[in-house]
Every structure is written in C-alpha cells, then in structure tokens.
Amino acid sequence: MESIVVLGGGLAAASVVGELRELGYTGALSLVSEETQLPYERPPLSKGFLQGKEEPADFTVHDASWYASHDVALRLGVAATSIETAKRQVLLADGSALDYDQLVLATGSRASLGGRTPIPGYDLPAVHVLRTLDDAKSLRAELVEGAQVAVVGSGWIGMEVAAAARQRGARVTVYSPSEVPLAKVFGERLGNHLLELHQSHGVDVRTARVHGIEEADGHLQVLSDAGSSRADLVLLAMGAQPNVQLAEAAGLEVDSGVVVDASLRSSDARILAVGDIAQAFNTVLHRQLRVEHWDNAIRQGKLAAATLAGEERSYDWLPYFFTDQFDLGMEYVGHGSPGDTTVVRGDMESGEFFMFWQDGSEITAAANVNIWDVNGTLRGLVGREIDADRLSDPAIALKDL
Ligand SMILES: Cc1cc2nc3c(=O)[nH]c(=O)nc-3n(C[C@H](O)[C@H](O)[C@H](O)COP(=O)(O)OP(=O)(O)OC[C@H]3O[C@@H](n4cnc5c(N)ncnc54)[C@H](O)[C@@H]3O)c2cc1C
C-alpha cells in the first residue's frame, strides 16, 4: 500500500490530509507534528484568542474524531529530525522511523529572535514571542488591565497584538523600525492610516530600534535608540523564519524557502513543500514566491494533495491575506510593491474604502477596508489596466470597471 507522510502540524498540513481523503486517496497517511495540539489556525492567536473571544476548539482545523474516522495516523509532540531520501524514510526524535513513498514538508515558520544573534534579553521570563498556542496562552495570562506592554516590531503580528492588548486595558508602546508601520508592504498611505488608527486608540508608536531588554528591580527595561523604558512584558514581533533545516540537510534546493515548482514538487520528485516554507512558482505572476499567509496554507495544502492524487493543477492564484486591528478589518489581494502608486476609492476618514496599487495603469493589488463580500471582485481587477480616474470614481460600479 502506498504511504504518504506529512511533516508539520499547522494549517497547511491539515489541509493536505483533508484534501487527500476528500480526493479519495485510500493509502496510508501520517501527520507528524512537534506540537502536542491537533493542527489549528494561527490568526486568532493575535486576535480573538488574545482578547478572550475565541478558544482553541473554535480554531482547531479537524477534531480528533475526524482523524480517526479518516484513518490519519497522528504523531503529535514529536519532531522529525532527518529525512533519509535514499531510503525514503523520516527519522523522528523519539527514535522511530516512518517510511514514505511521497513526503510533504509543511514545517512552517518560527518567530525570529532578531537575526543570527538573538536580541539580548530574549530569554527573560516576561519576554514573549507569538507563534504557537502555548505562546498565546502565556502572553494572554500576562495581558492584564494596566500592564505596560512593549511590542518590538510593527509588522502584522506586532500591530494586532498592540490592538488586542489595548482592548484588554493594557498600556502599549510599539517600537517601529520605520517611521510608518507596514510602509514596506503597503507604502505610506495605508501605513499612515494604520498608524493613526493605533494612535487614536492610545497606542504609543515610537520610531526606534530596540537593541536589548534587561531586568531591573522586578521590571523589564527596553533599551532602544529612544532611550530606556520600563515594561511589564515584551513581545518580540520581529518577523518569522521558515523552518527549512530538514529540507536543507536532506539536500533539497532551498533559497528563501524550499524551492518547488508550480505543482509544489521539490528538487526531489517524491518530496513536496507547502505553506510558509514553500518558495513556489506562481503561474500568474511568473515568478517564485514564498507567502506567509493563512489562505496560502489552505490552498497550497489542497494543491499538494491534488498533485499527489495525480491531478494536473498549478499554483495559479494571487496572494491574499486579512487582518483585524481595533475596528478595522481588511482584506488584500495581489502582490503590490511599496513604490507603486495608490488610488483610493471612498473616504479613508470614514474608515470604509478601497485601495488599489498600480504600476503604471496596471493594478498590482487591491484592498477592501471595512467593506465586505467584494474581495472576489477585486481579485478579478488585479492584473488589468484601468485609469486611476475610473478606479476612484464611485459612480462607476466595481463590476463595471
Ligand atoms: C499570531 C499569528 C497571526 C497570524 N495572523 C494571520 C492573519 O491574520 N492573516 C493571514 O493571512 N495570516 C496570518 N498568519 C500567518 C498564518 O497563520 C501562516 O501563514 C500559517 O500558519 C502557515 O501555515 P503552515 O502550516 O505553513 O505553517 P505553521 O502554521 O507554522 O505550522 C508548521 C507546523 O510544523 C511543525 N513543525 C516544524 N518543524 C517540525 C519538525 N521538524 N517536525 C515536526 N513538526 C514540525 C510546527 O510545530 C507547526 O505545528 C498569522 C500567523 C501567526 C503566528
């Protein structure tokens, strides 16, 4: 009987096994995760779970009975330590081994601690990262009314945690390496909108680099370009690094992630990679792309299953992500550059608007802010050439552009 092994316990891994059984694969199927929980979705960790509005059962992908009834062998709480490609075998930390005919790598990302040399003080007790449910539980326990929270970094996770912490009554300082948070992704216009949103809710956003954290008199001191400030807890939100060590050691081609083709096969045809670690060839954008988003984990999981089932499909969709911060909910589709020009449709001050990114007149990306059920329409506009005047004209319906 054929055997497929999936390494990783995140959304991409859960999506692979779900779709394989959906497509009628009847061979042996195992999922190996170093986490002890059943695979779950991570977005609520910095949103609903931190705010106390969602609990793990709300964001667990499949419950235990699903794995049992779909004959998926779960190996939880054990890491894979190496891949023996010649023997087609995976070795696990408990000394056991699993044979495979086809292997899917879905080992995701880990929180960055600040590059090759971790930031001094990263291992102090009240210094957190946020990647796993366990991380979120310990962070949530300390996010109490009046706590002084320092967030190091102003990317998605930093800004979302800042919002959740304010909503729990904490005092929050965000240390942003750039003057405008997220400007590297969106350009200044939307970045400034997010900055003002946070400031209006009392978040102290400082442009400063943090070079260390120290403990003094039972508190933490955050040491930055802007001086030293006291904090009760610190979140290091300095980005994520793909877990590509297994792939590298197995001799697979690895660049910014595991290099895979449009059907997600790696340089070893028996090994596929999906989700955060996959640097895959996107047939719409005609380039290798690594995407660290929820939607990508689901879709690439399904694509890998289709490839394993012998279907001819490819990585042919545009990146998508969403965020929730205070009363702002946003979806974004496409792959804009910070240097693109931006066009706003609607009134930014009202909080409900669209933003388009353009390279010349070609739309490279689009976002809907607090306007819902339109992202599919925006997806259809990306790649088209439309004059900025028409894009911003509310008299022309989106579907008529
Ligand atoms: C706090 C947070 C909030 C987020 N919010 C959003 C959002 O709002 N919108 C959005 O689009 N995206 C969001 N994301 C990103 C999204 O969650 C990720 O893109 C997604 O989780 C990627 O799924 P994955 O399965 O590829 O990897 P991961 O979710 O990282 O899962 C990888 C799994 O593999 C396991 N593993 C690693 N190495 C080994 C090994 N050697 N052996 C066995 N198991 C191993 C890990 O323990 C983990 O269980 C967020 C991420 C985080 C952390």
Side-chain angles (χ1 to χ4, degrees), residues 5-18 30-50 54 59 61 74-83 90-94 98 103-112 128-136 139-140 153 155-161 163-164 185 235-237 239-250 257-258 264 272-280 290-301 304 319-325 328-333 375:
V5 173
V6 181
L7 295 187
L11 185 54
S15 173
V16 175
V17 298
S30 312
L31 182 149
V32 179
S33 174
E34 66 187 356
E35 289 188 83
T36 51
Q37 292 88 5
L38 292 170
Y40 55 91
E41 306 195 15
R42 291 179 208 276
L45 300 183
S46 51
K47 309 176 187 69
F49 180 77
L50 270 196
E54 282 180 274
F59 48 88
V61 187
L74 286 174
R75 301 291 302 269
L76 301 183
V78 59
T81 50
S82 76
I83 304 165
V90 178
L91 304 183
L92 307 187
D94 62 4
L98 286 173
L103 178 67
V104 183
L105 302 180
T107 50
S109 307
R110 62 187 181 283
S112 168
H128 299 259
V129 293
L130 181 53
R131 186 75 210 171
T132 65
L133 181 59
D134 289 343
D135 294 339
L139 182 59
R140 183 165 87 169
W156 295 116
I157 291 177
M159 298 304 265
E160 288 179 355
V161 171
V185 190
L235 174 74
L236 300 177
Q241 288 175 333
N243 293 318
V244 293
Q245 310 90 315
L246 280 177
E248 267 173 344
V258 181
L264 305 181
L272 288 77
V274 291
D276 277 17
I277 57 161
Q279 187 186 330
R290 195 172 72 76
V291 174
E292 292 178 350
H293 294 311
W294 170 89
D295 173 74
N296 182 64
I298 297 174
R299 288 188 192 235
Q300 286 195 341
Y320 162 95
F321 74 85
F322 65 94
T323 184
D324 292 307
Q325 302 173 33
L328 177 144
M330 182 184 109
E331 294 175 290
Y332 171 103
V333 62
N375 199 263

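Counting starts at 1 for both ligands and their atoms, following the listed order. Atom set for the values below is all heavy atoms of this structure, side chains included, hydrogens, waters and symmetry mates excluded. Bear in mind that the values here come from a model prediction, so they are computed numbers and not experimental data.
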min-distance protein heavy atom vs atom 4 (C) of ligand 1 -> Pro43 CA, 3.6 Å
Under 4.0 Å from a heavy atom of Gly275: give me the atoms of ligand 1 that qualify, with their elements.
-> 26 (O)
Flag side-chain contact, heavy atom, 4.5 Å: Phe322 against Asp295 | no
For atom 31 (O) of ligand 1, which candidate among Glu35, Arg42, Gln325, Gln245 holds the nearest heavy atom?
-> Arg42
Using a strict cut-off of 4.0 Å, indicate which atoms of ligand 1 neighbour a heavy atom of Ala12.
-> 24 (P), 25 (O), 26 (O)
Short list, please: which atoms of ligand 1 are under 4.0 Å from a heavy atom of Ser109?
-> 30 (O)
Side-chain contact test, heavy atoms from C-beta onward, threshold under 4.5 Å: evaluate it for Leu50 versus Glu160 and give yes or no.
-> no
Ligand 1 contact on Asp276 by region, counting heavy-atom pairs under 4.0 Å | both
Atom 27 (O) of ligand 1: the protein heavy-atom neighbour that sits closest, reported with distance to 0.1 Å | Gly108 CA, 3.1 Å
Which atoms from ligand 1 have a heavy atom of Gly10 less than 4.0 Å away?
-> 25 (O), 29 (O), 31 (O), 33 (C), 49 (O)
Any side-chain heavy-atom pair of Tyr40 and Thr132 under 4.5 Å = yes
Checking heavy-atom distances from atom 7 (C) of ligand 1 to each of Phe322, Phe321, Tyr40, Trp294, the winner is Phe322
Taking the side chain as every heavy atom from C-beta outward, state whether Leu272 and Val16 have any atom pair closer than 4.5 Å.
-> no
Atom 5 (N) of ligand 1: nearest protein contact (heavy atom, Å) = Lys47 NZ, 3.1 Å
Hey, are the side chains of Glu331 and Tyr320 touching, using non-hydrogen atoms and a 4.5 Å cut-off?
-> yes
Any chance you could measure Ile157, atom CD1, to Thr323, atom OG1, to the nearest 0.5 Å?
-> 10.0 Å
Glu292 side chain reached by Phe321 side chain, heavy atoms, under 4.5 Å | no
Is Trp156 touching ligand 1 with its side chain, its backbone, both, or neither, if touching means heavy atoms under 4.0 Å apart?
-> neither
Does Val90 reach the side chain of Val32, with side-chain heavy atoms less than 4.5 Å apart?
-> no
Between Leu133, Ile157, Val90, which one has a non-hydrogen atom sitting closest to atom 52 (C) of ligand 1?
-> Ile157
Name the closest protein heavy atom to atom 30 (O) of ligand 1, giving the residue it belongs to and the distance to 0.1 Å.
-> Arg131 NH2, 2.8 Å
Where does Ala106 meet ligand 1, judged by heavy-atom distances below 4.0 Å: at the side chain, the backbone, both, or neither?
-> backbone
Taking the non-hydrogen atoms of Val32, is any one of them nearer than 4.0 angstrom to ligand 1?
-> yes
Note the single closest protein heavy atom to atom 44 (N) of ligand 1, along with its residue, its atom name and the distance in Å.
-> Glu34 N, 3.1 Å
Answer with yes or no whether Gln300 contacts ligand 1, where contact means a heavy atom under 4.0 Å from a ligand atom.
-> no
For ligand 1, is any non-hydrogen atom under 4.0 Å from Glu41's backbone (N, CA, C, O), its side chain (CB onward), both, or neither?
-> neither
Are the charged groups of Arg42 and Glu35 less than 4.0 angstrom apart, N to O?
-> yes
So, is His293 polar-close to ligand 1, with some N/O to N/O distance under 3.5 Å?
-> yes
Ligand-residue contact atoms, ligand 1 with Glu292, heavy atoms, under 4.0 Å = 15 (C), 19 (O)
Report the nearest protein non-hydrogen atom to atom 42 (N) of ligand 1: residue, atom name, distance rounded to 0.1 Å.
-> Ala80 N, 2.9 Å
among protein heavy atoms, the one nearest atom 23 (O) of ligand 1 is Ala297 CB, 3.6 Å
Under 3.5 Å, is there a donor-acceptor pair between the side chain of Arg140 and the main chain of Phe49?
-> yes
Please check if the side chain of Gln279 supplies one atom and the backbone of Gly257 the other of a donor-acceptor pair under 3.5 Å.
-> yes
Spacing of Arg75 atom CZ and Ser33 atom OG [to the nearest 0.5 Å] = 12.0 Å
Just by modelled atom types, is the Asp276 backbone N or O under 3.5 Å from a matching donor or acceptor in the Arg290 side chain?
-> yes
Atom indices of ligand 1, in the order listed, that fall short of 4.0 Å to a heavy atom of Gly9 = 33 (C), 34 (O), 35 (C), 48 (C), 49 (O)
Check: Ser112 side chain, Gly239 main-chain N or O, donor-acceptor pair, under 3.5 Å | no
Output the list of atoms in ligand 1 that are nearer than 4.0 Å to some heavy atom of Leu246, sorted by atom number.
-> 41 (N)
For atom 39 (C) of ligand 1, closest protein heavy-atom neighbour = Thr107 CG2, 3.7 Å
Proximity to ligand 1 by part of Asp324, non-hydrogen separation under 4.0 Å | neither
Any side-chain heavy-atom pair from Leu74 and Leu38 closer than 4.5 angstrom?
-> yes
For Trp294, side chain to side chain donor-acceptor pair (under 3.5 Å) partners two or more places apart | Glu41
Ligand 1 atoms in contact with Leu11 (distance to a heavy atom under 4.0 Å) | 25 (O)
